Amino acid sequence: MNTFQDLGLNEDLLHAITDLGFEKPSDVQDKAIPILLDQETDLVALAQTGTGKTAAFGFPMLQKINVDSRTTQGLILSPTRELCLQITNEMKQYGKYCKGLNVVAIYGGASISDQAREVKRGAQIIVATPGRMKDMISRRMVDISKIEYSVLDEADEMLNMGFKEDITDILSHTPDEKNTWLFSATMPKEVSNIAKRFMQNPVEITVGNKNESTNQVSHEYYLVNSRDRYQALKRLSDANPDIFSVIFCRTKRDTQKVAENLIEDGYSAGALHGDLSQNQRDLVMKSFRNKQIQMLVATDVAARGIDVDDITHVINYQLPDEPEIYTHRSGRTGRAGKTGISMVIVSKSEVRKIKSIERIIKKQFEKKVIPDGMEICEVQLMSLANKIQNTEVNHEIDKYLTSINDLFEDTSKDELIKKFFSVEFTRFFNYYQKTKNLNASESSSDRDGGKDYSVNSNDSRYFINVGRKDGYDWMSLKDFLKDVLELGRDDVFKVDVKESFSFFNTDKAIQQKVLDFFTDFKHNGRFVNVEVSEDKGRSNNRSRGGGRRDDKRGGKRRDDRRGGERRSNPRGDSGSRSDRRSGERRSESRDGFKNRSDRRSSENSSGSRRSDSESRTENSGSSRPRRSRR
Ligand code: ADP
Ligand code: MG
C-alpha cells in the first residue's frame, strides 16, 4: 500500500495530512490521486460514501492550482448546502499550508452579496450548490470562464435532486479544455449519460463493486404489523442504548410526526425535512453533530447533506420507493472504517422489496426479531452497570458524602446495589412487562379471511350475541364493530360469525373500552351483549344458549371482573361510564400511562384512531421509561 508521499503530494499537503492524522490513503485516494496529479484527464470515480472522496479530488486540485493567482481555477459542485460547507471546510484544512489559498462556499439560504464579495477577493476554488451557482452566474457575480478543474461530487445525488439542467447550464460557462472529475456512490444511467456528455475519454476507477453498499454495514430487517411500526422503532432504540442514528421516513409529514412522537416519548430526537427553515435545519444538524440528538428523523432529500461519521444505525422506518435510494440511506452509517447497522422495519406486504434491495446491494439481509420487553430491560440494566463502572468520580460530590453515608449506614453493599439499579430498572420493567410481541409472521394469512382464530396474549377475544341470523357475516360484523366503537380498520380482527352469536378480537389495551361501550348498548331494539370470551378461540363447539341474555345489562359477573382490574390499576381510579371516552381513559390509567394523544384522538376521525390505541400501550407520555439523555 502506498503512503501519501508515494502518491506524489507536495510538502504543504503532506504537512496538513499529518496534522489531520490520516495515516494512509484510502482506496479511492490511492487510485485517483496519482492519476489526477500526473495526467490532464477527465475521471469517473465510483466509491461509497465515507471512503474519502473529498481528499481524492481535493489534494490533486490543491496541488495543481496556482495560489499566486486570484483567478478561479477550480469549481466543485455538490448537491446540498451541508455538503458544500463540509467540502469547503475540508479543503481549507487540506490546504492550510498553501499560502494565499482562498476557498469560497456558495450556497442558497445565505446572503448572496456576502458570497459575491468573498469571491471577488479572489477565490481560486469555489465549492457550490448548483442552484445558487447558476443564480450567481446569471447575475455575473462569479467568473468561471477560466476554470481548469471541475468536480461533480455526489453526482448521483445531484441528478436525483433534479440538478441536471442547472449543471448543464453551469458547465456551459466553463472552458471546453478543462478537466472534469466526477465522483459518485452509484452509477445509474443518468450519471453515465452526464459522463458521456461532459467528459472526454474519462479514466474510470471503481472502489468496491458498482452500486454495492459499504462492507462495514450489515443489513437487518424486522417484520411487524404496520400498526406496530412506531412501537418497533422505540424498541429497537431501547435495545441499543448508545444508538446514534438516522431514521428515514418517506414523507415530510411522517418525518415530522415520528420525530414529534419520539420527543414526546422522551427520546432525544429531531426532525430534518424540507418544510423546516434553513435556520431550524441548521440547529437540528448542530445538535445531531454534538450528539445532543441521538435519533435524527429525516427525509431522503434532507438527509443528503448528512455527513456525520459515527452513526451507529440507519433505521428505515419506511422503505424508500426506489430500491436504489436504500444504498444512500445505508451509506450514512459504516463510515470512515467503522461498522454500522442498517435496519429496516417492514410489514408483510413490503417483504418482497427486501429481495429487490438485496439484488441491488448484492448483500443478504438478516431477518431479526424485535426484542421483547424483558430483553430490553436486561440490555438497559447492563448498559447502566457498564456506564457506572466506567464513570470517573466527580469529587464535587465529596462534600455531600457524609450525609449520604449517614443515610445508608445500615444498608449493606448488596442491598444498596439492588436499590440503586432498581431505580432505573423498575421504570423499564413497569413499562415493558405487559407489552406484546411485535413480530409478525411471514406466513400467517389474512386475519379475518384465514382460519386462525386463536388469541395471543396481547389480544382480547370477545363473545357477542349477534350472529348470522341477525344478518351478519364476518365482514359486516367487523364494519359494524369498528364503526360503533370508532376504531380503525385493523383494530377489530379474527371475527368469527356463528348462527346466533359471534367472536372477535381486539388489542387487550382497548378491552375496557369495548366492554364499557356495550354495557347498555341497544341495536335494532335489542341489547347487544359483549363479554370477554374465556375459551381463547376454541369456542367453535361451545354451546351458547339464550341464557346469555341474562347478563346483558352488565350483570354481576362482569362487574366483578372489572373490579379485579380496577385493583390492578396503580392509580386506583376507575372513573364512571358517562361517555364512551371514559372507557379509554380508564384503560389508559390502568396501564399507568397517560395517553399523550388525547388531543389528537379527539381531533381525529376513526381512520387514525389506530395510533391512539397504540399510544395506550406503548406510546407513553409522562411515565415513559426513558432516562433523559444529554
Ligand atoms: P466521502 O466523500 O467519500 O463520503 P469524505 O471525503 O467525506 O468521504 O471522508 C469521510 C471521512 O473520512 C472524513 O471525516 C475524512 O476526514 C476522513 N478521511 C478521508 N481520508 C482519510 C484517510 N486517508 N485516513 C483517515 N481518514 C480519512
Ligand atoms: Mg463526499
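Residues take their numbers from the sequence shown, with the count starting at 1. In each ligand, atom 1 is the first atom listed, and ligand 1 is the first ligand listed. Computed from a predicted structure; not experimentally measured.
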(Q) Less than 4.0 angstrom from a charged side-chain N to a carboxylate O is my criterion; do K96 and D19 meet it? (A) yes

Q | For T54, atoms of ligand 1 separated by under 4.0 Å from a heavy atom | A | 2 (O), 5 (P), 6 (O), 7 (O)

Q: Tell me which part of K24 gets within contact of ligand 1: side chain, backbone, both or neither, using heavy atoms under 4.0 Å.
A: backbone

Q) When you look at CD of E378, are more than 12 heavy atoms from neighbouring residues, nucleotides or ligands closer to it than 6.0 Å? A) no

Q. Heavy atom under 4.0 Å from ligand 1: found in D309's side chain, backbone, both, or neither?
A. side chain

Q. What about F244 and F288, are their ring centers closer than 6.0 Å?
A. yes

Q) Given F57, F59, F22, which has its nearest heavy atom closest to atom 26 (N) of ligand 1? A) F22

Q: Please find out if less than 6.0 Å separates the ring center of F365 from that of Y222.
A: no

Q) In this structure, which one of E366, K363, Q364 forms a side chain to side chain contact (heavy atoms under 4.5 Å, CB included) with H219? A) K363

Q. Looking at ligand 1, does any of its N/O atoms fall within less than 3.5 Å of an N/O of T51?
A. yes

**Q.** Interfacing atoms of ligand 1 (cut-off 4.0 Å, heavy-atom, Q48)
**A.** 3 (O)

Q.
Could you work out, for atom 19 (C) of ligand 1, the closest of Q29, Q93, R332 by heavy-atom distance?
A. Q29

Q: For ligand 1, indicate whether the residue E90 contacts it via side chain, backbone, both or neither (heavy-atom separation under 4.0 Å).
A: side chain

Q: Assess K64 against Y149: is NZ or CZ under 6.0 Å from the centre of the six-membered ring, and within 45 degrees of the ring's axis?
A: no

Q. Mind checking whether Y317 and F248 have ring centres under 6.0 Å apart?
A. no

**Q.** For F4, atoms of ligand 1 separated by under 4.0 Å from a heavy atom
**A.** 23 (N)

Q: Take atom NZ of K353 as the centre, draw a 6.0 Å sphere, and report whether it contains more than 12 heavy atoms from other residues, nucleotides or ligands.
A: yes

Q: Considering the heavy atoms of S26, write down every atom of ligand 1 situated less than 4.0 Å from one of them.
A: 23 (N)

(Q) Would G50 count as a polar contact of ligand 1, with the cut-off being nitrogen or oxygen pairs under 3.5 Å? (A) yes

Q) Touching ligand 1 at all, A47? Heavy atoms, strictly under 4.0 Å? A) no

